[in-house]
Enquirer: 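Structure in structure tokens, see below.
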Amino acid sequence: MTPIALEHYLILGALLFCVGAMGFMTRRNMIVALMSIELMLNAVNLTLVAFNRMYQQAHTGQMFTFFIVAVAAAEAAVGLSIVIALYRANKSIRTDQADQLKGLERWTRSFGSFRRSTSRCSPSSSGCRSSAPS
Amino acid sequence: MNVELLKTIYFYLFAACALAGAVSTIAARNPIRGAMGLLLTIGSMAGLFLSLHAEFLAAVQLIVYAGAVVVLFLFAIMVLGPEAVPSADNETVGPRVFAGACVALASISAVWMSWEWTGDRTREGARVFTALPTADPATGTVESVAREVFGVGIVPFEIASALLIVSIVGAVAVARGKQGEPAHRRLPAVPSLPDGLVKKGAAE
């Protein structure tokens, strides 16, 4: 059995990053998307620390990891407050329903299936929140 | 017992825990379970940092991520309540599956390329692992990381502190909504007008 080498950590970091990226792409819950971003940041942290272990004359990798942790904490705070504000405005945290900036209806009307899939209150949609009596 | 075997078992144990936590983070229907998976991933990552001789970062990881960020996620999930979980319909499933497949393909090819195109090879062309060097005793201690952070990284450190302050103030301002307006900018409430003023206005 080969001893644990640099590539083990790098491949693990790559796999974690891919899992996070897939979660960010495929999930509609905005909180889960934020957690996927945290996963990706963690994977990058692991890669940086592994390279720092490889070239341990300086601690630049660990310094970067330290700053990434700070930025991730700030990003989580701001992102979650945005999620709460979005839920207050939209009564939904689905990422495909956060379309207030999509103002030009006639542009999207030509894409029939796409329009139907993103409309907030189609009759078949069970997740229709804005039409519910508040 | 062999130390190398112990190190190998340690790495694979924490790697499996990290991957399982990551998969359960993105696959769980309930966001609370997802946050627990994130917690498992973060704890396993702290263990891997320890195996990389980054003791200070392992402590920071546990304090900041497990202690603050995951708790913040849990608070947000509980504030929003169970109504905020998206329903299990099949809307937009096509674009999402397409995006997930693209990411999976790109990531598999990226891992393969980084395996094939870098690193050392034997004379027969077989890829060999890059062995980690013997650990310096000063690697990853608080003192050596602090020398780096307060040496070359002093300007980013100060900027990071400003970023944290600004983001906390911004988070409070965004999450608070309209109630956060100062009192003199709110519309005056009608019943608070003095009686004389109201009668005078009504007479005119």
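In what follows, every chain begins at residue 1, and chains take the letters A, B, ... in the order their sequences are listed.
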Enquirer: Apply the test side chain to side chain donor-acceptor pair (under 3.5 Å) to residues A:Tyr9 and B:Ser51: give CA-CA distance (whole Å), side-chain angles for both, the deciding distance (0.1 Å), then the verdict.
Expert: CA-CA 10 Å; A:Tyr9 290 99; B:Ser51 75; 2.7 Å; yes
Enquirer: Determine yes or no for a side-chain-to-main-chain donor-acceptor pair under 3.5 angstrom, with B:Arg33 supplying the side chain and B:Ala27 the backbone.
Expert: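 It does not hold such a pair.
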Enquirer: Name the option with the most non-hydrogen atom pairs under 4.5 Å to chain A; the candidates are B:Val70, B:Thr139, B:Ile159.
Expert: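 Option with the top pair count is B:Thr139.
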Enquirer: Give, as side chain, backbone, both or neither, the part of A:Phe66 having an atom under 4.5 angstrom from any heavy atom of chain B.
Expert: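 Looking at A:Phe66, backbone and side chain both touch chain B.
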Enquirer: Check whether A:Leu34 gets within reach of chain B through its side chain, its backbone, both or neither, counting any heavy atom under 4.5 Å.
Expert: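 It is both, since atoms from each part get that close.
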Enquirer: Is it the case that the side chain of B:Glu148 and the backbone of A:Gly61 share a donor-acceptor pair, with hydrogens and angles ignored and the cut-off at 3.5 Å?
Expert: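 It does not hold such a pair.
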Enquirer: Can you list every pair that meets salt bridge (charged side-chain N to carboxylate O under 4.0 Å, His left out) and has a residue in residues 27-38 of chain A, with sequence neighbours left out?
Expert: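 Sorted result for residues 27-38 of chain A: A:Arg28-B:Asp89.
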Enquirer: B:Ile77 versus chain A, heavy atoms under 4.5 Å apart: side chain, backbone, both or neither?
Expert: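 For B:Ile77, the contact with chain A is made by backbone and side chain together.
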Enquirer: Measuring heavy-atom distances to chain B, does A:Ile82 have an atom under 4.5 Å in its side chain, in its backbone, in both, or in neither?
Expert: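 It is both, since atoms from each part get that close.
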Enquirer: Enter the distance from A:Ser81:OG to B:Ile168:CD1 here, rounded to the nearest 0.5 Å.
Expert: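 Here the rounded value is 11.0 Å.
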Enquirer: Based on non-hydrogen pairs under 4.5 Å, which of B:Ser144, B:Gly170, B:Ser107 is most in contact with chain A?
Expert: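 Highest number of heavy-atom pairs under 4.5 Å: B:Ser144.
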Enquirer: Heavy-atom distances under 4.5 Å only: say whether B:Ala28 touches chain A with side chain, backbone, both or neither.
Expert: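 When you check distances to chain A, only backbone atoms of B:Ala28 fall under 4.5 Å.
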Enquirer: Using non-hydrogen atoms and a 4.5 Å limit, figure out which bit of B:Ala110 sits close to chain A: side chain, backbone, both or neither.
Expert: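 Answer is neither: B:Ala110 stays 4.5 Å or more from chain A.
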Enquirer: Just give me the residue among B:Val79, B:Ile108, B:Asp136, B:Val93 that pairs up with chain A most often, heavy atom to heavy atom, under 4.5 Å.
Expert: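 Counting heavy-atom pairs under 4.5 Å, the top option is B:Asp136.
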Enquirer: Find the one option among B:Thr25, B:Leu19, B:Val97, B:Val166 whose heavy-atom pairs under 4.5 Å with chain A are most numerous.
Expert: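 Option with the greatest count: B:Leu19.
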Enquirer: Given that the side chain runs from C-beta out, which part of B:Thr41 has a heavy atom under 4.5 Å from chain A: side chain, backbone, both or neither?
Expert: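 B:Thr41 touches chain A through side-chain heavy atoms alone.
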Enquirer: Select one option (side chain, backbone, both, neither) describing which atoms of B:Val111 are under 4.5 Å from chain A's heavy atoms.
Expert: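 B:Val111 touches chain A through side-chain heavy atoms alone.
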Enquirer: Any chance you could measure B:Phe56, atom CZ, to B:Phe49, atom CZ, to the nearest 0.5 Å?
Expert: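 Atom-to-atom, B:Phe56:CZ and B:Phe49:CZ are 12.0 Å apart.
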Enquirer: By a 4.5 Å heavy-atom criterion (distance strictly below it), what part of B:Leu38 contacts chain A: side chain, backbone, both, or neither?
Expert: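 Side chain only.
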Enquirer: Does anything in residues 59-69 of chain B reach chain A? List residues with heavy atoms under 4.5 Å apart, or say none.
Expert: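 Answer by number: B:Val60, B:Gln61, B:Val64, B:Tyr65, B:Val69.
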Enquirer: Chain B heavy atoms under 4.5 Å from A:Val32: which part of the residue, side chain, backbone, both or neither?
Expert: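 Side chain only.
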Enquirer: Do you know which two heavy atoms are closest between A:Phe67 and B:Ala160, and how far apart they sit?
Expert: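 What the structure gives for the nearest pair is CD2-CB, 4.3 Å.
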Enquirer: Could you have a look at A:Leu15, A:Asn45, A:Leu10 and say which one has the most heavy-atom pairs with chain B under 4.5 angstrom?
Expert: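 Maximum pair count with chain B is reached by A:Asn45.
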Enquirer: I'd like to know whether A:Met35 forms a side-chain contact (heavy atoms from CB on, under 4.5 Å) with A:Leu39, so could you lay out the CA-CA distance, the side-chain angles of the two residues, the decisive distance to 0.1 Å, and finally the verdict.
Expert: CA-CA 6 Å; A:Met35 286 197 276; A:Leu39 277 181; over 6 Å; no
Enquirer: Please report the closest heavy-atom contact between B:Leu132 and A:Ile4, naming both atoms and the distance.
Expert: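 Minimum heavy-atom separation between B:Leu132 and A:Ile4: CD1-O, 4.1 Å.
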Enquirer: With rounding to the nearest 0.5 Å, note down the distance linking CG in B:Leu105 to SG in A:Cys18.
Expert: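 If I round to the nearest 0.5 Å, the distance is 11.0 Å.
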Enquirer: Given heavy-atom pairs under 4.5 angstrom as the criterion, report whether the side chain, backbone, both or neither of B:Ala35 touches chain A.
Expert: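 Both parts, backbone and side chain.
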Enquirer: Could you tell me which of A:Ala14, A:Ala5, A:Ala58, A:Ala72 has the largest number of non-hydrogen atom pairs under 4.5 Å with chain B?
Expert: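 Heavy-atom pair counts peak at A:Ala5.
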Enquirer: Starting at CZ of A:Arg53, measure out to CG of A:Leu48 and round the result to the nearest 0.5 Å.
Expert: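 Interatomic distance, A:Arg53 CZ to A:Leu48 CG, rounded to 0.5 Å: 15.5 Å.
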Enquirer: May I ask you to name which of A:Gln57, A:His8, A:Met30, A:Glu75 has the most heavy-atom pairs under 4.5 Å with chain B?
Expert: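 The residue among A:Gln57, A:His8, A:Met30, A:Glu75 with the greatest pair count is A:His8.
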Enquirer: Please classify the contact of B:Leu57 with chain A as side chain, backbone, both or neither, using a heavy-atom distance under 4.5 Å.
Expert: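 Answer is side chain: those atoms of B:Leu57 sit under 4.5 Å from chain A.
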Enquirer: With A:His59 as reference, evaluate A:Gln56, A:Gln62, A:Met63 under the side-chain contact (heavy atoms from CB on, under 4.5 Å) test and give the passing residue.
Expert: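 Among A:Gln56, A:Gln62, A:Met63, the one meeting side-chain contact (heavy atoms from CB on, under 4.5 Å) with A:His59 is A:Gln62.
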Enquirer: Side chain, backbone, both or neither: which part of A:Ala33 has an atom under 4.5 Å from a heavy atom of chain B?
Expert: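 It is neither, since no heavy atom gets under 4.5 Å.
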Enquirer: If you compare all heavy atoms of B:Ala58 against all heavy atoms of B:Ala46, which two are closest, and at what distance to 0.1 Å?
Expert: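 Heavy atoms of B:Ala58 and B:Ala46 come nearest at CB-O, 3.5 Å.
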Enquirer: Select one option (side chain, backbone, both, neither) describing which atoms of A:Leu80 are under 4.5 Å from chain B's heavy atoms.
Expert: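 Contact with chain B: side chain only.
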Enquirer: To the nearest 0.5 Å, what is the distance between CD1 (A:Ile31) and OG (A:Ser36)?
Expert: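 One gets 12.0 Å once the value is rounded to the nearest 0.5 Å.
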Enquirer: Among the options A:Ile84, A:Asn52, A:Ile93, pick out the one with the most heavy-atom pairs lying under 4.5 Å from chain B.
Expert: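 Result: the option with the highest number of such pairs is A:Ile93.
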Enquirer: Which atoms of B:Ser44 come close to chain A, meaning under 4.5 Å heavy atom to heavy atom: side chain ones, backbone ones, both, or neither?
Expert: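 Neither part, no heavy atoms under 4.5 Å.
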Enquirer: Show the nearest heavy-atom pair for residues B:Val23 and A:Val19, with the distance to one decimal.
Expert: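 Scanning both residues completely, I find the closest heavy atoms to be N-CG1, 4.0 Å.
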Enquirer: If you count heavy-atom pairs under 4.5 Å between each of A:Ile11, A:Val78, A:Leu16 and chain B, which one has the most?
Expert: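 Sorted descending by pairs with chain B, the first entry is A:Leu16.
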Enquirer: Identify which part of B:Phe75 has an atom lying under 4.5 Å from any heavy atom of chain A, answering side chain, backbone, both or neither.
Expert: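 Contact with chain A: none, neither part.
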Enquirer: Taking CZ in B:Phe11 as the centre, count heavy atoms belonging to other residues, nucleotides or ligands within less than 6.0 Å. Is the count above 12?
Expert: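 More than 12 heavy atoms, drawn from other residues, nucleotides or ligands, come within 6.0 Å of this atom.
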Enquirer: To the nearest 0.5 angstrom, please state how far the CZ atom of A:Phe17 sits from the CG atom of A:Leu46.
Expert: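 If I round to the nearest 0.5 Å, the distance is 13.0 Å.
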Enquirer: Sort and list the pairs that fulfil ring pair (Phe, Tyr, Trp, His ring centres under 6.0 Å) and have at least one residue in residues 88-123 of chain B, not counting sequence neighbours.
Expert: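 Applying ring pair (Phe, Tyr, Trp, His ring centres under 6.0 Å) to every pair that reaches into residues 88-123 of chain B, excluding sequence neighbours, yields B:Trp115-B:Phe129.
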Enquirer: May I ask you to name which of B:Pro133, B:Ala15, B:Gly34 has the most heavy-atom pairs under 4.5 Å with chain A?
Expert: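 Top count of heavy-atom pairs under 4.5 Å with chain A: B:Pro133.
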Enquirer: I need the residue from A:Val83, A:Leu86, A:Val71, A:Val69 with the largest number of non-hydrogen atom pairs under 4.5 Å to chain B.
Expert: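 Going by pairs under 4.5 Å, I would pick A:Val69.
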Enquirer: Sequence neighbours left out, what passes ring pair (Phe, Tyr, Trp, His ring centres under 6.0 Å) with B:Phe14? Give chain and number order.
Expert: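 Counting only residues at least two positions away or on another chain, B:Phe14 forms a ring pair (Phe, Tyr, Trp, His ring centres under 6.0 Å) with B:Tyr10.
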Enquirer: Quick one: which of B:Met45, B:His53, B:Arg96 has the most heavy-atom pairs under 4.5 Å with chain A, could you say?
Expert: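 The candidate making the most pairs under 4.5 Å is B:Arg96.
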Enquirer: Restricting to non-hydrogen atoms, name the atom on B:Ser24 and the atom on B:Gly21 that form the minimum distance, rounded to 0.1 Å.
Expert: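 For B:Ser24 and B:Gly21, the tightest heavy-atom pair comes out as OG-O, 3.0 Å.
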